[in-house]
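Before any comments, here is the structure.
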Protein chains: 2
Amino acid sequence: MTSLGIGTLAKRAGVRIDTVRYYERSGLLVPESRLESGYRRYSEAELTPLRFIRRAQVLGFSLKEIGELLALSKARNVARVKHAAELKLADVEKRIASLVRMRDALSTLVNTCSGHGDPADCPILKALGGEDWNEH
Amino acid sequence: MTSLGIGTLAKRAGVRIDTVRYYERSGLLVPESRLESGYRRYSEAELTPLRFIRRAQVLGFSLKEIGELLALSKARNVARVKHAAELKLADVEKRIASLVRMRDALSTLVNTCSGHGDPADCPILKALGGEDWNEH
DNA sequence: CTTGACCCTGGACCATGATCCAAGGCGTAG
DNA sequence: CTACGCCTTGGATCATGGTCCAGGGTCAAG
């Protein structure tokens, strides 16, 4: 059975060695074994949780949340994994709604600003400095 | 003309005193004046940039970006203000697109997961752990 | 055996966005 | 005048997610 050193594991997963050790310190990725010398040895299978971490990060999960997901995964608790994904989905949707409001406000400002003339007539300056902002 | 102490300003904007001073250290919010004693004095008008900071933060802007927006407002250069607003708009749109991708991925996973049964059949666990993910 | 690549630990350092503390000054009500 | 609350400064601390370094040990090829 092939086992990997930390450098190989890191390279294959596309992360830095220090990052792998950081994940280990954070309790996310414990090596399968150690040599007498202390060298970490990983099985090929360890690539999966490591990639899981990266992908879950892309989906907006924090390392802490990812730790919980990994624990759930080990516990083989499908219902709770789904629940965590639903919570994160709701969170992402709230963030999108917020940004959409901001985009609409910025877009209106940009479209109504001539780009020249009296600063007092610039809708962007008026909106940044004024009282008449849409409170979130 | 009414002027406010830092405590009153902070309370009215819903932030901590330390946070106001932190924003000042970060160059975002310089008090209108100081008393002989060193006490900061703010005009009522300072509430606007302070509230702007909070709103922009909620929408995902960093303090550094907010500083740039506020600086533009002070520079009162219509063309540059408009240009910066356009850049921010593009940035917001990129953030939205990224979150939408995140949402779609999560949504698909949640909708195809039964929430029970064999973890080996859980699409969330499979997607996060598997090899067959769209690398971004 | 020597060389170079790799690995170990522990701790420092980075940026971000705060929050909190100590030691002392200020301001106002009673 | 005294007390109490608010204010000042600089620096420490926190959490997050790493990155980097020193000083040393290990491993594999030549």
Side-chain angles (χ1 to χ4, degrees), chain A residues 2-43 46 49-70 88 91-92 95 98, chain B residues 2-43 46 49-70 91 95 98 102 136:
Chain A
T2 328
S3 87
L4 313 171
I6 191 171
T8 311
L9 182 86
K11 200 161 286 171
R12 290 236 211 141
V15 300
R16 311 262 178 116
I17 287 180
D18 282 334
T19 303
V20 176
R21 284 195 281 247
Y22 173 68
Y23 291 164
E24 181 177 343
R25 279 202 294 289
S26 309
L28 300 182
L29 192 75
V30 178
E32 195 111 293
S33 62
R34 299 271 190 142
L35 297 183
E36 290 291 299
S37 56
Y39 281 31
R40 291 162 179 83
R41 286 275 110 187
Y42 299 89
S43 67
E46 302 287 349
L50 185 47
R51 287 175 175 149
F52 178 106
I53 293 167
R54 294 264 113 179
R55 283 158 187 165
Q57 272 187 319
V58 168
L59 293 182
F61 290 91
S62 69
L63 290 186
K64 193 178 169 217
E65 290 169 328
I66 294 166
E68 290 158 15
L69 284 172
L70 287 168
K88 185 51 62 180
D91 175 58
V92 168
R95 286 201 265 162
S98 253
Chain B
T2 328
S3 88
L4 313 171
I6 191 172
T8 311
L9 182 86
K11 200 161 287 172
R12 288 234 212 141
V15 300
R16 311 263 178 119
I17 287 180
D18 282 336
T19 303
V20 176
R21 283 196 281 250
Y22 172 69
Y23 291 165
E24 182 177 343
R25 281 203 292 288
S26 308
L28 299 182
L29 191 75
V30 178
E32 197 111 290
S33 60
R34 296 273 190 140
L35 298 183
E36 290 291 300
S37 56
Y39 282 30
R40 291 161 178 83
R41 287 275 110 187
Y42 300 89
S43 67
E46 302 286 350
L50 185 48
R51 286 176 176 148
F52 176 82
I53 292 169
R54 296 263 110 179
R55 283 189 298 254
Q57 261 187 327
V58 165
L59 295 173
F61 287 89
S62 69
L63 291 186
K64 194 177 167 216
E65 289 169 328
I66 294 166
E68 289 158 15
L69 286 171
L70 289 170
D91 177 57
R95 288 175 201 234
S98 160
M102 195 184 286
H136 122 96

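Sequence lines set the chain letters: A, B, ... in the order given, protein chains first and strands last, and positions in each chain run from 1.
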**Message:** Between the side chains of B/Glu65 and B/Arg95, is the shortest nitrogen-to-carboxylate-oxygen separation below 4.0 Å, so that they form an ion pair?
**Reply:** yes
**Item:** Whichever of A/Thr19 and A/Glu36 has its nearest DNA chain D nucleotide further upstream toward 5'
**Value:** A/Thr19
**From CA spacing to verdict: side-chain contact (heavy atoms from CB on, under 4.5 Å), B/Ile17, B/Val20** = CA-CA 5 Å; B/Ile17 287 180; B/Val20 176; 5.7 Å; no
**Asked** Would you say the side-chain atoms of A/Arg41 and A/Ser33 include a donor-acceptor pair closer than 3.5 Å?
**Response** no
**Side-chain donor/acceptor of A/Thr19 to backbone N/O of A/Val15, under 3.5 Å** = no
**Presence of B/Ser37 side-chain N/O under 4.0 Å of C/dG27 phosphate oxygens OP1/OP2** = yes
**Message:** For a quick test of reading the model: is some side-chain N or O of A/Ser62 closer than 4.0 Å to OP1 or OP2 of D/dT16?
**Reply:** no
**Prompt:** Taking 4.0 angstrom as the limit, do B/Arg34 and B/Glu24 come out as a salt bridge?
**Reply:** yes
**Message:** Quick check on C/dT9: is either OP1 or OP2 less than 4.0 Å from any side-chain nitrogen or oxygen of A/Arg40?
**Reply:** yes
**Asked** What about A/Tyr39, does its side chain sit under 3.5 Å from the base of C/dC6 through a donor-acceptor pair?
**Response** yes
**Complete:** Atom NZ of A/Lys64 and atom P of D/dC14 are separated, to the nearest Å, by 17 Å
**Message:** Output the rounded distance in Å from CG (A/Leu9) to C1' (C/dC8).
**Reply:** 16 Å
**Nucleotide nearest A/Ile6 (side chain, heavy atoms from C-beta), chosen from D/dC20, C/dC7, D/dG18** = C/dC7
**Fill in**
The nucleotide from D/dT9, C/dG27, C/dA18 with an atom nearest the side chain of B/Arg34 is D/dT9
**Asked** Does OP1 or OP2 of C/dG17 have a side-chain N or O of B/Arg16 closer than 4.0 Å?
**Response** no
**Request:** Tell me what B/Arg41 touches on the nucleic acid: a base, only sugar-phosphate, or nothing, going by heavy atoms under 4.0 Å.
**Result:** nothing
**Item:** N/O (side chain, B/Ser26) to phosphate O (OP1/OP2, C/dG17) under 4.0 Å
**Value:** no
**Message:** Tell me if the side-chain of A/Tyr23 makes a donor-acceptor pair with the base of D/dG18, cut-off 3.5 Å, by modelled atom types.
**Reply:** no
**Complete:** Of all heavy-atom pairs linking A/Arg40 and A/Ile6, the shortest is CD-CD1, 3.9 Å
**Message:** I need the OH-P distance between B/Tyr22 and C/dT16, as an integer number of Å.
**Reply:** 8 Å
**Prompt:** Does D/dC21 have OP1 or OP2 sitting under 4.0 Å from an N or O in the side chain of A/Arg21?
**Reply:** no
**Prompt:** Do the side-chain N or O atoms of A/Gln57 get closer than 4.0 angstrom to the phosphate oxygens (OP1, OP2) of D/dG18?
**Reply:** yes
**Prompt:** Does A/Arg25 make a side-chain N or O approach to OP1 or OP2 of D/dG17 shorter than 4.0 Å?
**Reply:** no
**Request:** Could you state the atom-to-atom distance from CD of A/Glu24 to C1' of C/dG10 in whole Å?
**Result:** 14 Å
**Message:** Nearest heavy atom decides the nucleotide; on that basis, is A/Ile17 or B/Leu35 closer to the 5' end of DNA chain C?
**Reply:** A/Ile17
**Item:** Whole-Å distance separating the NZ atom of B/Lys11 from the C1' atom of D/dC7
**Value:** 13 Å
**Message:** Counting only side-chain heavy atoms from C-beta out, which of C/dA18, D/dG18, C/dC26 sits nearest to B/Leu63?
**Reply:** C/dA18
**Request:** Check the distance between C/dG11's P and A/Asp18's CG and give it to me in whole angstrom.
**Result:** 16 Å
